[in-house]
Amino acid sequence: MRGYIRYPYVSASVIYTPNSYDRGDMGIVGNQKLAAIITHVWGTNMVNLAVLDANGKAFSRTSVIFSHSSDDELKSDIAYCEWLERGEPKWSDSAPINAAIHGDAPDDLDF
């Protein structure tokens, strides 16, 4: 849908792309993206975040650019966040366990 903007809101889950300062501060190796939760909305293009590293440690980030574009226009070394990708769920090694917990596992599933 052309022209549609999904506005950020407090408590929404987003993906955070760190800059080089964050990579050092958070101990990130490579181009890893991180989970984040919006804690304040300044407007349609700027938010505050609680960013979680791979171990679940929280980092506060304020006045973060909120990208509405799916293009790679933000390739310079700036931190930004964007909506989580939607689509088909991706199976992982824990999928059979999750399926069993929710009652969706096949009868012949062996743990």
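What you see below is based on every heavy atom in this structure, not just the backbone, and it leaves out hydrogens, waters and symmetry mates. Since this is a predicted model, take the numbers as computed values, not measurements.
- Qualifying side chain to side chain donor-acceptor pair (under 3.5 Å) partners for Asn45, counting only residues two or more places apart in sequence or in other chains: His68.
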Just distance, no hydrogens or angles: give the donor-acceptor pairs under 3.5 Å from side chains in residues 50-61, sequence neighbours left out.
from  : atom 1 : to    : atom 2 : distance (Å)
Asp53 : OD1    : Asn55 : N      : 2.9
Asp53 : OD1    : Gly56 : N      : 2.9
Asp53 : OD1    : Lys57 : N      : 2.8
Arg61 : NE     : Asp22 : OD1    : 2.8
Arg61 : NH2    : Asp22 : OD1    : 2.9
Arg61 : NH2    : Asp25 : OD2    : 2.9

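- Put simply, OG on Ser67 and CH2 on Trp83 are 12.0 Å apart, with the number rounded to the nearest 0.5 Å.
- In terms of heavy atoms, Val64 sits closest to Ala79 at CG1-O, 4.3 Å.
- Contact detail for Glu82 and Val14: the closest heavy-atom pair is O-CB, 3.2 Å.
- From Ile15, atom CD1 reaches atom CG of Leu49 across 11.0 Å, with rounding to the nearest 0.5 Å.
- A continuous path of ILVMFWY side-chain contacts below 4.5 Å connects Phe66 to Tyr9, so both sit in one hydrophobic cluster.
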Please set out all donor-acceptor pairs under 3.5 angstrom arising from side-chain atoms of residues 34-43, sequence neighbours excluded.
from  : atom 1 : to    : atom 2 : distance (Å)
Thr39 : OG1    : Asn48 : O      : 3.3
Trp42 : NE1    : Asn48 : OD1    : 2.7

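- Remark: Lys33 NZ to Tyr16 OH distance equals 12.0 Å, nearest 0.5 Å.
- Listed by chain and residue number, Asp77 satisfy the side chain to side chain donor-acceptor pair (under 3.5 Å) test with Ser20 (two or more places apart in sequence, or in another chain).
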